[in-house]
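The structure appears below as structure tokens.
What's counted below: heavy atoms across the whole structure, side chains too, no hydrogens, waters or symmetry copies. Chain letters run A, B, ... following the sequence lines, proteins first, then strands; residues in each count from 1.
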Amino acid sequence: EAQVTQNPRYLITVTGKKLTVTCSQNMNHEYMSWYRQDPGLGLRQIYYSMNVEVTDKGDVPEGYKVSRKEKRNFPLILESPSPNQTSLYFCASSNPGQGDYGYTFGSGTRLTVV
Amino acid sequence: AQSVTQLDSQVPVFEEAPVELRCNYSSSVSVYLFWYVQYPNQGLQLLLKYLSGSTLVKGINGFEAEFNKSQTSFHLRKPSVHISDTAEYFCAVSPRGSARQLTFGSGTQLTVLP
């Protein structure tokens with residue numbers, strides 16, 4: 001089944017403790033992206049990647065890091081999480097080279113930083 | 001840069017009634033347009049998309065949307081809603097020819113009442 005898999009689904013952590021949210025897609029998609037969803041704000045892009053080793057900032061990149069060492073994986077790293085990073089995070093992928101401009105989303109990771 | 005405005009944050013409607021969810025966008029370049037649906041505790045699912053061609057686009061679950069370039073709108077409609085359509089709906093835009101940045105509106109909560 002074609003899908004984007006995020007782990008974990010739920011995570012509670014303390015301020016300053018480094019964490020990684022993993023994202024993997026099995027569709028050989030070129031583009032991958034991370035979004036955060038907050039009430040009343042919709043989804044805002046954190047980082048995106050157009051291919052292996054090619055990443056760029058989205059609208060709200062502060063406090064986050066990403067890497068794209070393999071085409072299928074695009075982990076999101078919070079080096080020193082803070083309470084304002086408490087949010088619902090989504091990973092997504094698409095394949096514009098094949099005319100697919102719509103993103104496929106993962107099921108989300110609900111992060112709470114205390 | 002582009003922006004999306006969803007004019008209604010909440011839309012209550014009775015079962016079997018028609019519904020319209022409004023979306024307006026702003027962009028300095030031509031855009032692709034999308035509607036996504038998010039059911040409770042799930043990720044986003046692509047409902048329909050406009051890339052080119054006919055301005056009336058049909059999607060899944062009986063939804064359709066019409067692209068109006070002069071009014072920069074992309075309203076979503078369904079002639080008869082069901083309880084199962086209760087969800088949050090997001091309008092999104094990306095620059096034509098690019099999946100690099102998908103910009104979302106703040107969402108509209110559709111609640112279908114029995």
Side-chain angles (χ1 to χ4, degrees), chain A residues 1-7 9-10 21 23 25 27 29-51 54-61 68 74 87-110, chain B residues 1-10 21 23-25 29-53 57-60 63 65 67 74 87-109:
Chain A
E1 179 188 355
Q3 60 185 359
V4 177
T5 304
Q6 294 178 232
N7 281 297
R9 287 293 307 275
Y10 301 92
V21 183
C23 173
Q25 51 93 3
M27 297 166 281
H29 281 177
E30 296 172 344
Y31 275 48
M32 297 187 74
S33 188
W34 276 102
Y35 288 84
R36 62 177 287 173
Q37 183 180 15
D38 302 290
L41 297 177
L43 282 85
R44 294 177 292 168
Q45 191 181 52
I46 303 170
Y47 270 95
Y48 65 89
S49 169
M50 290 182 282
N51 216 320
V54 182
T55 63
D56 206 350
K57 297 176 181 178
D59 296 320
V60 289
R68 187 98 181 268
F74 191 44
S87 187
L88 179 58
Y89 291 86
F90 287 102
C91 181
S93 71
S94 72
N95 206 23
Q98 299 299 318
D100 178 11
Y101 292 93
Y103 275 86
T104 300
F105 282 80
S107 299
T109 295
R110 187 168 292 281
Chain B
Q2 54 270 343
S3 65
V4 179
T5 301
Q6 291 184 241
L7 295 156
D8 306 295
S9 60
Q10 310 237 5
L21 305 184
C23 172
N24 286 89
Y25 70 92
V29 299
S30 297
V31 296
Y32 294 148
L33 294 150
F34 306 85
W35 274 100
Y36 285 84
V37 59
Q38 184 180 30
Y39 298 104
N41 298 315
Q42 294 188 26
L44 280 76
Q45 180 182 3
L46 182 64
L47 208 51
L48 49 80
K49 61 186 175 186
Y50 172 78
L51 302 183
S52 65
V57 180
K58 294 189 184 298
I60 61 172
F63 284 93
F67 170 52
F74 191 55
E88 189 150 24
Y89 292 79
F90 292 94
C91 182
V93 301
S94 69
R96 179 175 288 273
S98 171
R100 191 174 59 189
Q101 187 162 29
L102 189 62
T103 301
F104 285 85
S106 55
T108 298
Q109 174 64 44

Legend entry - Smallest separation among heavy atoms of B:S106 and A:G40, with atom names: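 Heavy-atom minimum between the residues: CB-O, 3.5 Å.
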
Inset, instruction - Mind listing the closest non-hydrogen atom pair of A:Q37 and B:F90 along with its distance? - result: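 Shortest heavy-atom contact: NE2-CZ, 3.2 Å.
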
Legend entry - Partner of B:L44 by side chain to side chain contact (heavy atoms under 4.5 Å, CB included), out of A:F105, A:Y103, A:Y35: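 So, applying the side chain to side chain contact (heavy atoms under 4.5 Å, CB included) to B:L44 and each of A:F105, A:Y103, A:Y35, only A:F105 qualifies.
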
Legend entry - Atom pair CG (B:L102) and CG (A:L43), whose distance is rounded to the nearest 0.5 Å: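 Reported to 0.5 Å precision, the distance equals 8.5 Å.
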
Inset, instruction - Find the distance between OH (A:Y31) and CD (B:Q101) and round it off to the nearest 0.5 Å. - result: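 Separation between the atoms: 11.0 Å.
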
Legend entry - Residue list, ring pair (Phe, Tyr, Trp, His ring centres under 6.0 Å) with A:Y47, at least two apart or on another chain: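 Listed in chain order: nothing, the list is empty.
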
Inset, instruction - Pick one of side chain, backbone, both or neither for B:Q38, based on which atoms fall under 4.5 Å of a heavy atom in chain A. - result: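 For B:Q38, the contact with chain A is made by the side chain alone.
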
Legend entry - Heavy-atom contact with chain B under 4.5 Å, split by part of A:E30: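 For A:E30, no heavy atom lies under 4.5 Å from chain B.
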
Inset, instruction - Select one option (side chain, backbone, both, neither) describing which atoms of A:R9 are under 4.5 Å from chain B's heavy atoms. - result: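 Only the side chain of A:R9 comes within 4.5 Å of chain B.
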
